[in-house]
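One structure is given here, and the rest of the page talks about it.
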Amino acid sequence: MNKHVKNLAPETTDLSRRSFLVGTAATGLVLGYAGSGIDQALAAPAPANFEPSVWYAIAPDGLVTVTCGKADMGQHVASTMAQIVAEELGASWKDMRVQLASNDPKFNDPVLGAQITGGSWSTMMNFDAMSRAGAAGRIALTEAAAASMGVPAGELVVRASTISHPKSKKSMSFADVVKSGKATKTFTADDLKAIKLKSPDQYTMIGVSVPQLDIPLKVNGTAKYGIDVMLPGMVYGALVTPPVRYGATVKSVDDSAAKKVPGFIKAVTLDDKTTTTTGWVVAVANTYANAKKAAAALKIDYDGGPNAKLSSESLLTEAKRLQGLSDSGQFFVKDGDPDAAFGSAAKVLEADYTTNINIHAPMEPMNATAEFKGDILHIYSGNQFATRSGAIAAGAAGIDPKFVVMHQMWLGGGFGRRLDADMMVPAVQAAKAVGKPVKVIYTRENDMTMDFSRPLTYQKVKAGVDGDGKLVALSHDVVSAWPTQRWGIPDFLSPSVDKKGPLDAFTVNGADFFYTVPNHYVRAIKNEMAHNATPSGQLRSVAPGWTFWAVESMIDEIAHATGKDPALLRISLLDGKGKNDGGAQRLRNTLLAAMGLAGYGTKQLPKGEGMGVACVSSQERATASWTACVAHVAVAPSGEVTVKKLTVATDVGTQVNPDGIRAQVEGAALWGMSLALFEKATLKDGGIEQTNFDSYTPLRMSQLPEVAVNVIANGEKATGVGEPAVTVVAPAIGNAVFNAVGARVRGLPITAEAVKAAMKA
C-alpha cells in the first residue's frame with residue numbers, strides 16, 4: 001500500500017509560504033486534534049512530551065495520549081489501541097487518553113500500512129506493533145528512571161504509571177521521568193523487533209474489561225463527529241441527486257425559484273473527475289434549512305445515461321447469463337477435478353443462492369466540511385480509508401494530494417459505508433465554487449439512494465458425494481459486482497489461480513473454506529452490468545456475508561440428502577487435512593462450543609420449531625475468526641419466521657477487552673439476522689426504490705431474540721470480531737427453518753412468502 005501514499009509527503013526544500021503551510025499542517029499545528037493551534041504553538045514553550053512512538057505521547061503530567069490510526073465508529077478501536085499500549089507500557093488506565101490520527105504522512109506506518117478500517121483487521125494487524133511501541137516506552141522510561149535513582153534498570157518494576165525500586169523503596173512516576181527530560185532513548189525497527197513482549201500469562205491489562213475511553217467524550221459532547229463541525233464563515237450545501245444511481249448527467253439547471261429562497265448563494269453542478277459521483281447538484285445557502293429549501297426549488301433536467309432502464313431483475317438475469325458461460329470469470333480456488341468427480345459421484349446436488357442489494361444506513365448521515373486556506377484544502381469528516389479519501393478530495397479539487405489535510409472525526413456508524421468518500425466531492429467543489437467553507441449533509445434519502453451498497457449476488461453450487469455420503473467434489477460460481485476493483489488500487493486485487501488476471505477476492509472470500517474436499521473449484525465472475533449500475537461497496541461482513549450463505553446452506557442440503565446430522569457432517573469435514581491443518585480444528589472446536597451452549601440435539605422442540613447450525617472462517621482465510629452459530633426459530637403456518645435464540649461461539653485468540661468483544665459479537669449477530677430476514681433494496685429504472693426506514697426495514701427492537709455468546713480466548717494471535725458473526729447467522733437461520741418445517745429457502749432475505757412457497761413445494 002505504501003506506494004500509493006508516498007506522494008503525501010510534504011516538500012522540504014522549498015521555503016515558500018505554500019511549503020510552510022503544508023509543513024505545519026503535517027506536523028499538527030493546525031489540525032486541532034491535540035487542542036493546540038498556531039497561537040498556542042508560538043507561546044512560551046512548555047515542558048516537552050515524551051514520544052516513544054508516533055502512536056502515543058506521555059505528557060509532563062503523566063497522561064498518555066494514544067493516537068488511533070483507525071476509524072472509531074462505535075467499536076471502540078481507539079480504546080483497544082490504548083489498552084494494548086498500556087499493557088506493555090505499564091500505564092494506569094486512569095492516565096490513558098485517545099485521539100484520532102490525521103492524514104499526516106508520519107502515520108503511514110511501514111508496518112501497519114494504509115489508514116484503512118475494515119475487514120475486522122484493526123486489532124489483529126495492530127496488536128504486535130502497538131505492543132512493541134508500548135514496550136519501547138517502558139524500556140526508555142525505566143532506563144531514565146534508573147539513571148535518576150542510581151539503581152540498575154533490571155531491578156525496577158513498572159506498574160500503574162510508576163517505576164519503583166523495591167530494594168531501596170525509591171520510585172518515580174511517569175510524570176517525574178518525563179519532566180526530568182532524561183527519557184531520550186530511541187528505537188530502530190530492528191530494536192523494536194528484538195523486544196521480548198509479555199506472554200499471555202503475564203498480562204494485567206489485556207483481557208480486562210476496562211471502561212472504554214471514548215464513552216465519556218461521547219456522553220459529555222466533547223467527541224466531535226463530522227456532523228458537529230462548525231467553522232467561521234461556514235455555509236451549507238444540500239444535495240439534489242438524480243433518479244438514476246449512477247451514470248446520469250445534468251443537462252440544465254434552472255435556479256430561478258431557488259434565488260427566491262433567503263440566504264441562497266449558488267447551485268453547483270458537480271464536475272467529478274474522480275468518477276465517484278455523476279449527475280449531482282449542490283444548493284449552497286447560509287443555513288442548512290435554506291439550502292434544503294433551495295435544493296427543493298431547483299429544476300434540473302437530466303440525461304439518465306446507460307443505466308436508466310436497469311432493475312434488480314435485469315442484474316440477476318445478466319448474472320445467470322454470465323454464470324452459464326464456461327469461459328467467464330477467473331478461478332479463486334482450483335483443486336482437483338470436480339467435473340470428473342461429479343461423473344463418478346453416487347449423488348450430485350445443485351442449487352442456486354441469491355442475495356439482494358443491501359444498504360448501510362449508518363445513523364449519522366454522510367457529511368463533510370471543506371475549507372480552502374490558501375493552497376491548502378482542509379476536509380473535516382469521519383472516514384474509514386483516509387489514504388484513499390484524501391486522494392479523492394484532492395481529485396475533486398484538482399490539486400495534489402499533499403495539499404489536503406484530513407481532519408478525522410468520530411464516526412456515527414460506518415459499517416463499510418465510509419470506506420467511500422463521495423461526501424467529500426460536493427463539499428470540496430461547493431467550497432471551491434463559493435469561496436467559503438461548506439458543510440454538506442446528506443438527507444436520509446440521499447444516503448440510501450446513493451449508497452455504495454452490498455451487491456446483488458447470484459451463486460451456483462454443485463456438490464457430489466460418494467456411496468458413503470462423503471463429499472468428494474464441490475464447484476461454486478459467485479457472480480457479483482466487484483466493489484474493490486472499483487477503488488482502482490491494484491494491491492487490493494488478487495491474482496487468479498488460472499492466470500487470467502487479477503480478481504476481486506473480496507467477492508469470494510469464504511468460498512475457500514476449511515472443509516476437506518479433494519475436488520474444489522471457486523470461480524469469481526464480475527457482473528459488469530451491476531458493477532456499473534449500482535455501484536457497490538463493502539458492507540459489514542463483505543463477501544462471507546453471501547459466500548457462506550451458499551456454502552453453509554449447501555452443506556446442510558448434503559447432510560439431509562445423505563441422512564446425516566448437519567452438525568456431525570461438518571465435524572467430519574473439519575478433519576484438518578492438508579492445507580486445512582490448524583484452522584479446521586479451531587473451527588470444529590467453536591462449532592462444538594456453540595452446540596453445547598445451545599443444547600443442540602439434546603431436547604425435543606415443539607412442532608414448527610427447529611435449530612440450525614453454521615460455522616465460518618470469516619473474514620478471510622488468512623485472517624479468520626472462527627465462528628459458529630446455532631439458531632433456534634419458530635415458523636408460523638403463514639411462513640413468518642421468529643428467531644427465538646441465537647447462540648454464537650467465536651475463537652478470537654487473544655481478547656483485549658472482553659466486554660467490548662461481547663458487544664461486537666452480539667451486534668454483529670443481530671446485524672446478520674437483520675440481513676437474513678428483513679433488509680432488501682431493489683433497483684428500478686436505474687434507481688434505488690427504498691428511500692427511508694419506512695421502505696427499507698432493518699431489525700427492530702421488538703424483534704430481538706435472546707443472544708448467547710461464548711468467546712473462546714486461547715492465547716493465540718488476536719483476531720477481529722466486528723464482522724464474523726454477521727456471516728454465520730443467515731445460514732444458521734435458513735437451516736433452522738428447514739429443520740422446523742422442511743422449507744428450503746435459497747434467497748436472502750428469508751421472507752414469509754418465500755417460506756410458505758417452499759413449504760408447499
Side-chain angles (χ1 to χ4, degrees), residues 73 225-230 234-246 248 250 253 255 257-258 261-270 272 276-300 302 357-370 380-383 409 411-415 417-418 420-431 434 438-453 534-535 537 539 679 681-684 686-698:
M73 56 193 110
Y225 294 83
I227 206 167
D228 297 327
V229 170
M230 298 293 291
M234 184 180 78
V235 294
Y236 294 82
L239 296 180
V240 183
T241 54
V244 175
R245 170 60 188 90
Y246 195 83
V250 175
V253 178
D255 65 354
V261 175
F264 173 69
I265 299 172
K266 190 173 187 178
V268 180
T269 300
L270 300 190
D272 184 5
T276 304
T277 66
T278 66
W280 292 19
V281 178
V282 188
V284 184
N286 62 338
T287 68
Y288 183 55
N290 286 338
K292 287 181 68 178
K293 290 177 184 176
L298 293 174
K299 294 180 176 61
I300 303 172
Y302 297 99
I357 297 168
N358 292 114
I359 295 172
H360 296 83
M363 292 310 296
E364 180 196 11
M366 302 297 286
N367 62 82
T369 302
Y380 300 80
S381 189
N383 76 97
M409 313 304 292
L411 282 63
F415 318 115
R417 176 63 180 95
R418 285 178 162 91
D420 279 289
D422 48 296
M423 66 284 194
M424 298 183 182
V425 177
V428 167
Q429 295 203 346
V434 303
V438 176
K439 179 195 284 188
V440 170
I441 304 172
Y442 287 29
T443 62
R444 181 59 61 190
E445 290 76 11
N446 295 148
D447 214 355
M448 285 193 169
T449 57
M450 294 294 139
D451 184 29
F452 287 91
S453 54
T534 332
L539 185 145
E679 297 188 37
T682 50
L683 191 74
K684 182 179 180 181
I688 297 295
E689 292 187 276
Q690 292 70 28
T691 62
N692 213 311
F693 290 118
D694 57 339
S695 50
Y696 191 78
T697 55

Would you check if the side chain of Asp447 reaches a backbone N or O of Pro365 as a donor-acceptor pair within less than 3.5 Å? no
How close do Ile688 and Met448 get, heavy atom to heavy atom, and via which atoms? CG2-O, 4.2 Å
Spatial distance of atom CG (Leu411) from atom CE (Met366) [nearest 0.5 Å]: 8.5 Å
Considering all heavy atoms of both residues, which atom of Val253 and which atom of Ala267 are nearest to each other, and what is their separation? CG1-CB, 4.4 Å
Which class fits the ring pair Tyr288 and Tyr236: parallel under 30°, tilted 30 to 60°, perpendicular over 60°? tilted
Determine, step by step, whether Met450 and Thr277 satisfy the side-chain contact (heavy atoms from CB on, under 4.5 Å) criterion, reporting the C-alpha distance in whole Å, the side-chain angles of both residues, the deciding distance to 0.1 Å, and the verdict. CA-CA 9 Å; Met450 294 294 139; Thr277 66; over 6 Å; no
Out of curiosity, Ile357 CD1 to Arg245 CZ, how far, rounded to the nearest 0.5 Å? 10.5 Å
Partner set under side chain to side chain donor-acceptor pair (under 3.5 Å) for Asp255, not counting sequence neighbours: none
Looking at every heavy atom in both His360 and Phe415, which two are closest together, and how far apart are they? CD2-O, 3.2 Å
Apply the test side-chain contact (heavy atoms from CB on, under 4.5 Å) to residues Val438 and Val268: give CA-CA distance (whole Å), side-chain angles for both, the deciding distance (0.1 Å), then the verdict. CA-CA 12 Å; Val438 176; Val268 180; over 6 Å; no
Tyr380 OH to Met230 CE distance, which is reported to the nearest 0.5 Å: 12.5 Å
Any side-chain donor-acceptor pair under 3.5 Å between Tyr696 and Asp451? no
Write down the atom of Gly412, the atom of Tyr225, and the distance for their closest heavy-atom approach. N-CD2, 3.4 Å
Please determine whether side-chain contact (heavy atoms from CB on, under 4.5 Å) holds for the pair Leu683 and Thr534, giving the CA-CA distance in whole Å, both sets of side-chain angles, and the decisive distance to 0.1 Å. CA-CA 8 Å; Leu683 191 74; Thr534 332; 5.7 Å; no
Any side-chain heavy-atom pair of Trp280 and Val425 under 4.5 Å: no
Measuring from Leu239:CG to Asp422:CG, what's the distance to the nearest 0.5 Å? 9.0 Å
Check: Thr276 and Met424 side chains under 4.5 Å, non-hydrogen atoms: no
Could you tell me which non-hydrogen atom of Ala258 sits nearest to which non-hydrogen atom of Ala294, and how far apart they are? CB-O, 3.7 Å
Strictly below 4.0 Å, N to O, side chains only: are Lys439 and Asp228 in salt-bridge contact? no
For a 4.5 angstrom cut-off between non-hydrogen side-chain atoms, does Asn290 reach Lys293? yes
Please answer whether the main-chain N or O of Ile227 pairs with a side-chain N or O of Asn367 as donor and acceptor at a distance below 3.5 Å. yes
To the nearest 0.5 Å, tell me how far Glu689 CD sits from Thr449 OG1. 12.0 Å
Which is it for Gln429 and Val282 under the side-chain contact (heavy atoms from CB on, under 4.5 Å) test, yes or no, and what are the steps along the way? CA-CA 9 Å; Gln429 295 203 346; Val282 188; over 6 Å; no
Please give me the minimum heavy-atom distance between Val434 and Lys266, naming the atom from each residue. CG1-CB, 4.1 Å
With a 3.5 Å distance limit and no angle check, can you tell me whether Arg417 reaches the backbone of Leu539 through a side-chain donor-acceptor pair? no
Should the pair Arg418 and Phe452 be classed as cation-pi, given the thresholds of under 6.0 Å to the six-membered ring centre and 45° from the axis? no
With sequence neighbours left out, write down each residue that passes side chain to side chain donor-acceptor pair (under 3.5 Å) with Asn446, or none if nothing qualifies. Thr443
What distance separates Asn383 CG from Met423 CE, expressed to the nearest 0.5 Å? 5.5 Å
